[in-house]
Peer 1: 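Handing you this structure, nothing more for now.
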Amino acid sequence: MSAAHSFEAVFGRPATIFERAPGRVNLIGEHTDYSGGFVLPMAIPLHTEVELAPRRDGMARVGSLDVPGAARSTFVLGCEHRTRGWLDYVQGVTAALRADGFSIRGFDARFRSTIPVGAGLSSSAALAVALLRALRLAFSLRLDDVAIARLAQAAETDFVGAPVGIMDPMASSLGRDDEALFLDTRSLHFERVALPRTLELLVLDSGVKHQHAGGGYRARRAEVEQAAQRLGVALLRDVGPERLGDVAELPPPLDRRARHVITENQRVLDAVRALRAADEAALGALFAASHASMRDDFEVSVPEVDRIVASAAADPDVVAARLTGGGFGGAVVVLARAGHGRAAARRVADAAGSDVRVVLPAPSAKE
Ligand code: GLA
C-alpha cells in the first residue's frame with residue numbers, strides 16, 4: 001500500500017492494534033440456527049482485518065479499504081444512527097457493547113477484507129468479530145469468544161435489522177481452519193470435528209448476491225416460527241423426525257418449511273458421524289439431500305446455484321456439494337478428493353457458467 005493511503009496518512013497517527021476474524025462456510029445445517037438446532041460451519045482462510053488506535057474522546061472515525069468512497073466516516077459513541085450502509089455494522093457493535101453495559105471510548109479504525117461480500121460467507125460477522133477483538137484489547141473488556149459472538153449477533157439483529165442466527169458469529173469467533181464447529185445453537189455447546197485428510201474444502205461463488213436484511217430470509221424465519229407455534233413448541237428443534245406425520249398436516253408452505261428444518265437437524269448429526277468415519281458416500285448423500293431440501297422444501301436456492309451443484313455432482317473428484325449459507329444466491333460448498341481440489345473447482349466453475357468464481361482454494365499467483 002502506498003504511504004498516501006496508510007492508516008497514519010488518513011488518521012494522523014499510527015494504528016496500535018491489529019486484529020482479524022475469518023469468514024465461514026457452513027458444511028451442513030442450514031436455516032436451523034434460529035430454531036435452536038444443529039449447525040456445522042467451518043472458518044475459511046479469508047479474513048476481515050482491522051487496524052485501530054484508541055482515542056481519548058467519544059468519537060469513532062472509521063474507514064474501509066474495500067468500500068469505494070468510505071475513506072473515512074465519523075460517528076459519536078452513544079449517538080449511533082442507522083445509515084443503511086456498511087458503517088451500520090460498526091455502529092451496531094458499539095451500540096451492542098453499550099446495551100450490555102460495557103463502556104468504551106472512541107477509536108480510529110480501518111477495515112479491509114478478503115471475504116467476498118454477498119456470497120454467503122459471513123463477511124458481516126467477520127467484521128463485527130474483528131472489531132470486537134480489537135476493542136477488547138484496546139479497552140481491556142472482559143469478553144470471552146462466545147460473548148464476542150453474542151455481541152456480534154446483537155449488532156446485526158438489533159441495529160442493522162437483519163434477523164440472523166448465532167451460527168456465523170460463533171463460526172467466526174471460535175472457528176479454526178480445517179476443523180468444523182459442530183454447534184448446538186440452543187446451548188452453544190460445541191465440538192470440533194476435523195476435516196478428514198482425504199478431503200479438501202472448495203467454495204464456489206455463484207455471483208448472485210444475497211441480502212439478509214432483505215425479505216426472503218425474514219419471510220422464511222417467520223414461516224418457521226408459525227410452523228413451530230402450530231406444532232405446539234417454542235422452537236422446531238423440539239420436533240424430531242417421529243413427528244413428520246403431524247408436519248405433513250400443516251398448511252403449505254409451512255409443511256415444507258418445517259420438514260426442511262427437522263430433516264436438516266438430523267442430517268447434521270449424521271454428517272458429524274460421516275466426517276469422523278471419513279465416509280465419503282454418506283457425506284455425498286447427506287449434502288445432496290440437504291441441497292434438495294433447501295431447493296424444494298425451503299425454496300432458498302436459485303438456478304445458478306443448482307447448476308453449480310449439478311456440475312459438481314458430475315465431477316469425478318467431487319465427494320459432496322450443496323448450497324451453503326442463507327441462500328437466495330450465494331455460494332456452494334464442495335468436498336473434493338484431497339490434492340484434486342483446484343482442478344475440480346476449475347472444471348466445475350467452467351461447466352456451470354461465466355459468473356461463477358472459485359473462492360477456495362484461493363487462486364494462485366499464476367491464475
Ligand atoms: C445466514 C444467517 C445464519 C443462518 C444461515 C442459514 O447465514 O446469518 O444465522 O441462519 O443464514 O443457515
Side-chain angles (χ1 to χ4, degrees), residues 21-44 46 48 89 92 115-129 149-175 180-186 188 190 203 205-206 208-225 228 235-237 257-258 260-265 267-268 271 287 290-291 293-295 297-302 305 322-333:
R24 68 97 188 90
V25 69
N26 189 18
L27 295 186
I28 197 162
E30 223 65 84
H31 286 275
T32 50
D33 63 348
Y34 47 86
S35 292
F38 302 112
V39 293
L40 192 60
M42 206 163 146
I44 54 176
L46 300 175
T48 295
Y89 291 92
I115 309 167
V117 173
L121 300 174
S122 289
S123 56
S124 55
L127 184 151
V129 170
R150 286 187 194 277
L151 284 162
Q153 184 197 17
E156 203 157 345
T157 51
D158 301 349
F159 192 84
V160 178
V164 294
I166 192 73
M167 167 171 73
D168 304 347
M170 280 295 283
S172 184
S173 187
L174 288 123
L181 199 69
F182 169 35
L183 174 68
D184 176 334
T185 61
R186 180 159 60 186
L188 296 191
F190 64 86
V203 176
D205 179 6
S206 69
V208 181
K209 299 254 183 250
H210 78 150
Q211 254 279 12
H212 283 167
Y217 186 91
R218 197 180 287 279
R220 290 300 177 279
R221 196 171 168 146
E223 287 164 350
V224 164
E225 280 160 15
L235 293 170
L236 280 188
R237 155 70 184 271
R257 306 297 188 249
H260 165 74
V261 175
I262 294 161
T263 56
E264 185 77 352
N265 273 325
R267 283 188 288 269
V268 177
F287 274 43
S290 172
H291 185 76
S293 180
M294 286 179 87
R295 183 190 59 212
D297 278 352
F298 218 64
E299 296 178 271
V300 290
S301 192
V302 294
V305 165
R322 56 176 286 279
L323 164 62
T324 187
F328 305 103
V332 170
V333 57

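For the numbers below, each heavy atom of this structure counts, side chains included, while hydrogens, waters and symmetry mates do not. Both counts, for ligands and for their atoms, begin at 1 and track the order of listing. Please read all numbers here as calculations on a predicted model, not as lab measurements.
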Peer 1: If the condition is side-chain hydrogen bond (donor to acceptor under 3.5 Å, both in side chains), which residues does Ser293 pass it with, not counting sequence neighbours?
Peer 2: His260, Arg267

Peer 1: So how far is it from Asn265 CG to Ile28 CD1, rounded to the nearest 0.5 Å?
Peer 2: 10.5 Å

Peer 1: Could you tell me whether Asn26 and ligand 1 have an N or O pair separated by under 3.5 Å?
Peer 2: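 Min N/O separation from ligand 1 is not below 3.5 Å for Asn26.
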
Peer 1: Under 4.0 Å from any heavy atom of Met167, which atoms of ligand 1 are there?
Peer 2: 4 (C), 5 (C), 12 (O)

Peer 1: Taking 4.0 angstrom as the limit and counting only heavy atoms of Arg24, give me the atoms of ligand 1 inside it, by number and element.
Peer 2: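 In order of number, 7 (O).
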
Peer 1: With rounding to the nearest 0.5 Å, note down the distance linking CG in Leu46 to CG in Leu121.
Peer 2: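 It is 7.5 Å, given to the nearest 0.5 Å.
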
Peer 1: Would you check whether Tyr217 has a nitrogen or oxygen atom less than 3.5 angstrom from a nitrogen or oxygen atom of ligand 1?
Peer 2: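 Yes, at least one N or O pair falls under 3.5 Å.
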
Peer 1: State plainly whether the residues Glu299 and Arg220 are in salt-bridge range, i.e. N to O under 4.0 Å.
Peer 2: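 No, Glu299 and Arg220 are not salt-bridged.
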
Peer 1: What atoms of ligand 1 come within less than 4.0 Å of a heavy atom belonging to Tyr34?
Peer 2: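 Answer for ligand 1: 10 (O).
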
Peer 1: For Ser122, give me all partners under side-chain contact (heavy atoms from CB on, under 4.5 Å), at least two apart in sequence or on another chain.
Peer 2: Arg24, Ala125, Asp168

Peer 1: Which of the atoms in ligand 1, numbered in the order shown and given with their element, are less than 4.0 Å from a heavy-atom of Gly165?
Peer 2: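 Contacts of ligand 1 toward Gly165, numbered from 1: 9 (O).
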
